[in-house]
There are 2 protein chains.
Amino acid sequence: MSQASPIVHKTRTQLVVEVLREKILSGDIKAGEPLRQSALAQELNVSRIPVREALLQLEAEGLVKFEAHKGATATELSVEQASELFELRALIEPDLLRKSIPNLTEKQLNHAEEVLTKLESAFRSENAVNTWSELNTQFHACLYLGANRPQAMEVIKGLNTNSDRYIRLQLLLTGGIPRAETEHRQLLELCRSGQIDAAATLLVNHILHAKDGVKKLVEEHVNNDK
Amino acid sequence: MSQASPIVHKTRTQLVVEVLREKILSGDIKAGEPLRQSALAQELNVSRIPVREALLQLEAEGLVKFEAHKGATATELSVEQASELFELRALIEPDLLRKSIPNLTEKQLNHAEEVLTKLESAFRSENAVNTWSELNTQFHACLYLGANRPQAMEVIKGLNTNSDRYIRLQLLLTGGIPRAETEHRQLLELCRSGQIDAAATLLVNHILHAKDGVKKLVEEHVNNDK
DNA sequence: TGGGCCCTTTTTGTATACAAAGTGGCGTAT
DNA sequence: ATACGCCACTTTGTATACAAAAAGGGCCCA
């Protein structure tokens, strides 16, 4: 979608991965639900092989649990686990940001702003929910580019895919969008002006606030169910 | 090996994963080397399907790069990348340790000591090199059990598998073993006596020292090559 | 002589077919 | 009536076979 790619032939496996990932993250496939290989294969008009390989990849992403001879299920992600993911981000990302800011180029900052603008317009169009977290992740990633820490970026990306479903929840249902927007803009400005400490602090709060939002949301939800 | 497992049928895929992982980590398969599916299949007496699935899993672990239609190669891990992994550990593990110490039970501490003893005896028997890092990781993991942070533990585990080849190097060639042993014992005692700050500090140094060892080692190696 | 195109060969990707493990239900024996 | 075991069915795991993409080499042409 974002690639100016010179003709890319996607394998069926990759297609299946994308479809399933989206279905799991959007809640279309519910947590704990068994994923039957033949059913999926038939549904997507492929053989079981690409389905198996896709499930394997999704397991690596933490979205699926694959048990030998028993089958795959969409993983549950408890609020506690999600909180943990946010806390990990709150630990790692500020560190990255601190290392990054001194090396950020004008170009990188502008690119970050571009992404941010895209994100903001996505916030405005309701039917782009599935792109929110991708753009969000991307924006954050842009700011860390100066740190030159590819491995850490990978880890962060993984944490994000996993907490993705909760991020969606949080943004959609807690009215977290305006606040997130403000904070993103502020963050970008602090980076521009090289205010490392302020930026890092803001970032920690930004992430922990999201965590709290998710927690509150789910607690309420549980109460409503009773 | 360590499981008191109630009859476990390993799938061929899992077997292939283990064989290949060991070969890559031990350097038997060199970085950048292409991994031909049919060759591996023939060599291990399985069909290409389990080989493919194994390669996919190893890609998720970061040990293999899998390119569609082009094939898989064992990944290179530059010293810079390895350093980054150590630094990430130095960031995350002390945090885990701090959260863990107050909740560590007598039982958990004793278990940690058991593992440590095993590790020490493995250090002594040269032909157990491949178990070193597993036991090492396991020991560290024991100390973090009190933190109740399964996700973070997963991340750490991933970082360790990746830096594994360098850990081996470091221990084998830098004479890092005695120092590691001392530090491990100290760390355990600090945990027992609840000295959080001291333990965390020691841990940071322990990890960063390993990083420096690797760096120095590789620099020398490069010089020797010239 | 050098560059580009086509064809051959190799290697990967996927479908189909078969083997093996797991699951549930029925029947029997106590 | 219940507990155990056997058998049929479902689902997963793996081999084989075929399709499609990429890599390499030779040929033609400029």
Side-chain angles (χ1 to χ4, degrees), chain A residues 3-24 29-76, chain B residues 3-24 29-76:
Chain A
Q3 294 284 50
S5 47
I7 320 160
V8 161
H9 280 98
K10 274 195 197 154
T11 65
R12 301 204 198 308
T13 299
Q14 288 169 307
L15 278 173
V16 177
V17 167
E18 282 164 30
V19 171
L20 289 183
R21 185 193 292 127
E22 182 54 28
K23 281 199 178 187
I24 293 173
I29 291 178
K30 280 165 285 182
E33 189 170 324
L35 303 167
R36 289 287 126 71
Q37 297 174 5
S38 347
L40 293 172
Q42 199 168 351
E43 193 181 323
L44 303 173
N45 267 297
V46 297
S47 81
R48 275 175 48 226
I49 299 286
V51 173
R52 283 182 60 82
E53 295 190 350
L55 290 173
L56 239 23
Q57 286 193 230
L58 291 169
E59 180 183 42
E61 291 179 19
L63 299 180
V64 151
K65 192 168 104 191
F66 201 115
E67 286 178 297
H69 298 294
K70 293 217 192 156
T73 52
T75 55
E76 316 239 3
Chain B
Q3 294 285 48
S5 48
I7 319 159
V8 162
H9 278 97
K10 274 196 199 154
T11 65
R12 298 197 202 297
T13 300
Q14 288 169 306
L15 279 173
V16 177
V17 167
E18 283 165 29
V19 171
L20 289 183
R21 185 193 291 126
E22 182 53 30
K23 282 199 177 186
I24 293 173
I29 291 178
K30 279 164 287 182
E33 188 169 328
L35 303 167
R36 288 289 128 77
Q37 297 175 4
S38 348
L40 293 172
Q42 199 167 353
E43 191 181 325
L44 302 173
N45 266 298
V46 297
S47 80
R48 273 174 50 223
I49 299 288
V51 173
R52 283 181 61 84
E53 296 191 351
L55 290 174
L56 240 22
Q57 287 193 230
L58 290 169
E59 179 183 42
E61 291 179 20
L63 299 180
V64 153
K65 191 168 104 191
F66 201 113
E67 286 178 298
H69 299 294
K70 296 222 191 152
T73 52
T75 55
E76 316 237 6

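Convention: sequence-line order gives letters A, B, ...; per-chain numbering from 1.
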Could you check how far [atom1] of [X] sits from [atom2] of [N], rounded to whole Å?
X	N	atom1	atom2	answer
B:Gln42	C:dT11	CD	P	12 Å
A:Leu40	D:dT10	CG	P	18 Å
A:Leu56	D:dT14	CG	C1'	14 Å
A:Phe66	D:dT12	CZ	P	8 Å
B:Arg12	D:dT12	CZ	P	18 Å
B:Glu67	C:dT10	CD	P	22 Å
A:Gln37	C:dA17	CD	P	17 Å
B:Arg52	D:dT16	CZ	P	17 Å

Please check if the number of heavy atoms outside A:Gln42 that lie under 6.0 Å from its CD is greater than 12.
no

Tabulate protein N/O versus nucleotide N/O from nucleotides 5-9 of chain C, keeping only pairs under 3.5 Å, one per line.
none

Are B:Thr13 and B:Gln57 close enough that some pair of their side-chain heavy atoms sits under 4.5 Å apart?
yes

Does any part of the side chain of A:Leu55, heavy atoms only, come nearer than 4.5 Å to the side chain of A:Leu20, both counted from C-beta?
yes

Looking only at heavy atoms, which two atoms of [X] and [Y] are closest? And how far apart?
X	Y	result
A:Val17	A:Glu61	CG1-OE2, 4.5 Å
B:Ala74	B:Lys30	CB-O, 3.6 Å
A:Leu63	A:Ile24	O-CD1, 3.8 Å
A:Ala72	A:Val64	CB-CG1, 3.9 Å
B:Thr73	B:Leu35	C-CD1, 4.0 Å
A:His69	B:Thr11	NE2-CG2, 4.1 Å

Annotated protein contacts, base or backbone, on nucleotides 19-24 of chain D with a non-hydrogen cut-off under 4.0 Å, one of B, S, - each:
--SSS-

Check step by step if side-chain contact (heavy atoms from CB on, under 4.5 Å) holds for A:Val46 and A:Val16.
CA-CA 9 Å; A:Val46 297; A:Val16 177; 4.2 Å; yes

In numerical order, the residues of residues 15-22 of chain A whose heavy atoms come under 4.0 Å of DNA chain D are none

Is B:Arg36 touching bases, backbone alone, or none of the nucleic acid, heavy atoms closer than 4.0 Å?
sugar-phosphate

Out of C:dT14, D:dT12, D:dA15, minimum distance to the side chain of B:Ser47 belongs to D:dA15

DNA chain C nearest-nucleotide lookup for B:Ile49 and B:Leu35: closer to the 5′ end is B:Leu35

Does D:dT14 have OP1 or OP2 under 4.0 Å away from a side-chain N or O of B:Thr13?
yes

Assess whether a salt bridge exists between B:Glu33 and B:Lys23, defined as any Lys/Arg side-chain N lying under 4.0 Å from an Asp/Glu carboxylate O.
no

Taking for B:Glu53 and for B:Arg48 the nucleotide of DNA chain D with the nearest heavy atom, the one nearer the 5' end belongs to B:Glu53

